[in-house]
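Just follow the structure's listing: the first ligand is 1, and inside any ligand the first atom is 1.
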Amino acid sequence: MKAGNSVLSGYGTTIFEVMSRLAETHKAVNLGQGFPDGNGPEDVVEVAGRYLTEGWNQYPSMMGLPALREAVAAHAKRFYGLDVDWRTEVMVTSGATEALAACLFGLLEPGDEVVLFQPLYDSYVPIIRRAGAVPRFVTLKPPGWTFTAADLEAAFGPRTKLVLMNTPQNPAAKVWTRDELAMLADACLAYDALAVCDEVYEHLVFDGRPHVPLMTLPGMRERTLRIGSAGKTFSLTGWKVGYVTGAAALLQPVAKAHQFLTFTTPPNLQAAVAYGLSKEDGYFTGLAAEMQAKRDRLTAGLTAAGLSVLPAEGTYFVTVDLRASGIAETDADFCKRITAEAGVAAIPVSAFYENDAPDHLIRFCVCKKDETLDAGVARLKAYFGR
Ligand code: PMP
Ligand code: GLN
């Protein structure tokens with residue numbers, strides 16, 4: 001038998017799938033993979049259901065339902081003051097994962113370099129390598145997870161085609177500051193680099209911090225693609241509805257990839273997300289407040305169980321420092337052990353690094369019902385004798 005593609009064959013099964021299946025095997029409380037255990041806002045789900053029976057269930061336009069593209073453009077204006085032409089500057093994708101793949105396949109040539117910040121979401125690097133491009137890493141370290149202009153200087157070069165960044169950042173739970181964004185924008189302008197911004201957690205920002213899209217910084221509007229996800233914004237991760245916003249000239253090559261990857265996305269889900277994005281401001285602030293309360297609840301619980309929790313500024317996640325908790329085991333071993341023995345699953349943070357990975361950090365997911373968070377904490381406390 002001939003072998004599969006050598007780049008992709010080199011990767012194991014993604015850590016999210018591995019830990020979720022292990023959690024099932026051990027009937028563990030799954031605080032690993034990032035998905036809520038509720039069923040999303042009832043009204044949004046209702047629109048999707050109604051559209052299934054009353055709407056049009058054939059291929060929608062390749063760029064997405066006009067109603068959703070209009071809603072994405074209106075959302076960009078409402079939250080970030082961005083003027084976006086929904087006809088030429090918005091494309092709907094099957095989740096942010098497909099949006100990322102379409103951006104990378106659509107823009108990269110073999111030999112191009114891509115600047116990335118690790119820890120990073122696990123789909124980025126395999127797709128970059130599969131496109132024949134070369135990743136160049138800036139490694140962020142806890143607890144600040146920040147970088148300097150010199151770090152950027154070391155990563156950018158004449159072959160840099162684009163930078164792929166993520167704020168709020170999974171798994172670090174870091175929200176990039178305006179100063180950090182300005183430093184990155186300066187580097188993009190100096191090296192004539194494009195930017196692909198994974199902003200799936202844009203509405204999950206805590207403690208009154210703003211979410212600032214890189215696209216809003218001077219000089220960046222024409223060179224940035226911004227990716228959002230209905231999965232995160234409406235707590236419906238299985239829907240896989242994403243959206244890419246960017247200048248028409250930049251979006252066109254991305255659409256060329258999208259048309260051959262998935263071409264389109266289920267119309268009833270698009271219609272429901274269009275409805276959802278038009279909800280009043282209170283929905284979005286309520287989502288952030290709810291998640292912030294869950295962050296606080298899980299942080300308090302993990303602390304009471306004897307674990308040392310790092311600050312979390314946004315996203316679905318909190319990080320625990322095993323060394324600071326007096327645990328010498330590696331992150332991967334510890335996650336397997338607590339899944340099997342304590343009945344609580346978490347994700348080893350080393351899975352988010354390509355090199356120089358720390359092995360003493362683990363990630364817990366906070367976006368669960370309070371009773372699920374409490375059950376996980378109770379099991380950890382019992383296991384650690386607290
Ligand atoms: N980017 C980041 C940083 C993520 O955490 C996720 C996770 N779900 C995605 C992209 C993928 O989003 P989607 O489910 O919309 O494909
Ligand atoms: N983004 C989710 C996480 O970080 C997982 C998405 C996936 O399983 N592919 O947990």
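Note: an N/O pair closer than 3.5 Å links Asp198 and ligand 1 by distance alone. Remark: ligand 1 and Lys232 share an N or O pair separated by less than 3.5 Å (distance only, no angle test). Considering backbone and side-chain atoms together, Ser229 places an N or O closer than 3.5 Å to an N or O of ligand 1. Ligand 1 has a nitrogen or oxygen under 3.5 angstrom from a nitrogen or oxygen of Lys240. Of the N or O atoms in Phe317, none lie within a sub-3.5 Å distance of an N or O in ligand 1. In terms of polar-atom proximity, defined here as any N/O pair under 3.5 Å, Gly34 does make such a contact with ligand 2.
The side chain of Phe317, and not its backbone, has at least one atom closer than 4.0 Å to an atom of ligand 2 (non-hydrogen atoms only; side chain from C-beta on). Under 4.0 Å from ligand 1, the heavy atoms of Tyr201 that appear belong solely to its side chain.
For Asn170, the closest heavy-atom approach to ligand 2 falls below 4.0 Å. Within the structure, ligand 2 has Tyr121 among the residues with a heavy atom less than 4.0 angstrom away. The shortest separation from a heavy atom of Gln169 to ligand 1 is not under 4.0 Å, leaving the residue out of contact. The closest approach between Tyr316 and ligand 2 stays at or above 4.0 Å for every heavy atom of the residue.
A distance-only check finds a donor-acceptor pair linking the side chain of Asp331 to the backbone of Ser350 [under 3.5 Å].
Thr264 contributes atom OG1, which lies 9.5 Å from atom OH of Tyr59 (distance to the nearest 0.5 angstrom).
Using a 4.0 Å cut-off to heavy atoms of Arg363, the atoms of ligand 2 that qualify are 3 (C), 4 (O), 10 (O).
For Phe284 and Phe79, the gap between ring centers is short of 6.0 Å. Here Phe334 and His360 keep their ring centres 6.0 angstrom or further from each other. With ring centers used as reference points, Phe234 lies under 6.0 Å from Tyr283.
Between the side chains of Gln118 and Asn355, at least one donor N or O sits under 3.5 Å from an acceptor N or O. In this structure, a donor-acceptor pair under 3.5 Å is absent between the side chains of Glu89 and Thr245.
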